[in-house]
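Some notes on the structure that comes next.
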Amino acid sequence: MGVLRGVVETVAGLVTVVVLAYLMVLEAPRITRRLLAAAGNGQGDRLRRVGREVSRTVTGYLTGNLLISVICGLLTYVVLALTGVPFAAVIALLVAVTDLIPLVGATLGAVIAAGAGFLHSPAAGIVVLVFFVVYQQVENHLLQPLILSRAVRLNPLTVLVSVLLAAELAGLLGALLAIPAAGIVQTLLREYGPRRLRPAPPAGPETRSRRPAGPAPQG
């Protein structure tokens, strides 16, 4: 009965997620138009701009995280194939999926890959284990700050500090949401914070035409 209840709850949860996702995609444009119309022209333009920046931040984070997982999976496949571990492609795929989890994903993948390596031979297990020890440091301190900072347009130091701080305060969920939350906070500060935090508008023809004319050169 416990197993049957778990299966039913899982299926019901999946159906609910699919229905909610479909309704959100279907109704989101209409709801957005009504909210922007209620906010007025000036505020509506600002809300539309904030919405675009938030969407770009979340999309960039997901894309960057996926790229890091693909890199991890490919490198894992190369190491497993060179050491002769069977089912290297399947194991590398599992490692890539677990690597989607920030901070601890590479560790979970290392347990899977190293376990398969030790089942094959002690030498293969040691090689795979050493590879993951080195790779996890490279991913946490080099790949994630560089790739995610470009994808989310954050400073690499901000990316690293936000992930470490959020993981310390809120655990795994905090580490998962740290980077998109930092990007959203940066967008809100630029729009609603002090003027000195907002980026200066580019000097176009209209801006140059509004500048006061200086005294005519003599001579």
Hydrophobic cluster membership, [X] vs [Y], 4.5 Å side-chain cutoff:
| X | Y | result |
| --- | --- | --- |
| Tyr22 | Val18 | no |
| Val79 | Leu143 | yes |
| Phe87 | Val111 | no |
| Val7 | Val15 | yes |
| Val17 | Val8 | no |

Exercise for the section: Take atom CZ of Arg49 as the centre, draw a 6.0 Å sphere, and report whether it contains more than 12 heavy atoms from other residues, nucleotides or ligands. Expected result: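 Yes - once you tally the heavy atoms of other residues, nucleotides and ligands closer than 6.0 Å, there are more than 12.
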Output the distance between atom [atom1] ([X]) and atom [atom2] ([Y]), rounded to the nearest 0.5 Å.
| X | Y | atom1 | atom2 | result |
| --- | --- | --- | --- | --- |
| Arg153 | Glu53 | CZ | CD | 6.5 Å |
| Leu62 | Leu100 | CG | CG | 9.5 Å |
| Ile112 | Leu93 | CD1 | CG | 10.5 Å |
| Ile147 | Leu67 | CD1 | CG | 4.5 Å |

Heavy-atom check, side chain of [X] versus side chain of [Y], under 4.5 Å:
| X | Y | result |
| --- | --- | --- |
| Leu23 | Val19 | yes |
| Leu142 | Leu146 | yes |
| Val127 | Leu82 | no |
| Phe118 | Ile126 | yes |
| Ile71 | Asp99 | no |

So which atom in [X] and which in [Y] form the shortest heavy-atom distance, rounded to 0.1 Å?
| X | Y | value |
| --- | --- | --- |
| Thr83 | Ala124 | CB-CB, 3.9 Å |
| Leu129 | Ala114 | CD1-CB, 4.2 Å |
| Ala182 | Leu154 | CB-CD1, 3.9 Å |
| Ala92 | Gly73 | CB-O, 3.4 Å |
| Val152 | Gly183 | CG1-CA, 4.1 Å |
| Gly109 | Val95 | O-CG2, 3.5 Å |

Problem - Which residues share a ring pair (Phe, Tyr, Trp, His ring centres under 6.0 Å) with Tyr77, sequence neighbours left out - result: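 Ring pair (Phe, Tyr, Trp, His ring centres under 6.0 Å) check on Tyr77 returns nothing, list empty.
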Strictly distance-based, threshold 3.5 Å: is any side-chain N or O of [X] a donor or acceptor partner for the main-chain N or O of [Y]?
| X | Y | value |
| --- | --- | --- |
| Thr59 | Arg56 | no |
| Thr76 | Cys72 | yes |
| Ser55 | Arg52 | no |
| Ser121 | Gly117 | no |
| Glu139 | Ser69 | no |
| His120 | Gly84 | yes |

Exercise for the section: Quick one: list whatever passes side chain to side chain contact (heavy atoms under 4.5 Å, CB included) with Arg30, sequence neighbours left out. Expected result: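 Result, side chain to side chain contact (heavy atoms under 4.5 Å, CB included) vs Arg30: Glu27, Arg33, Arg34.
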Handout entry: Whether Tyr135 and Phe132 hold their rings parallel, tilted or perpendicular, with breakpoints at 30° and 60°
Key =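 Correct class here is perpendicular.
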Exercise for the section: In sequence, state the C-alpha distance, the side-chain angles, and the governing distance for Thr57 and Ile179, and then conclude on side-chain contact (heavy atoms from CB on, under 4.5 Å). Expected result: CA-CA 9 Å; Thr57 297; Ile179 298 175; over 6 Å; no
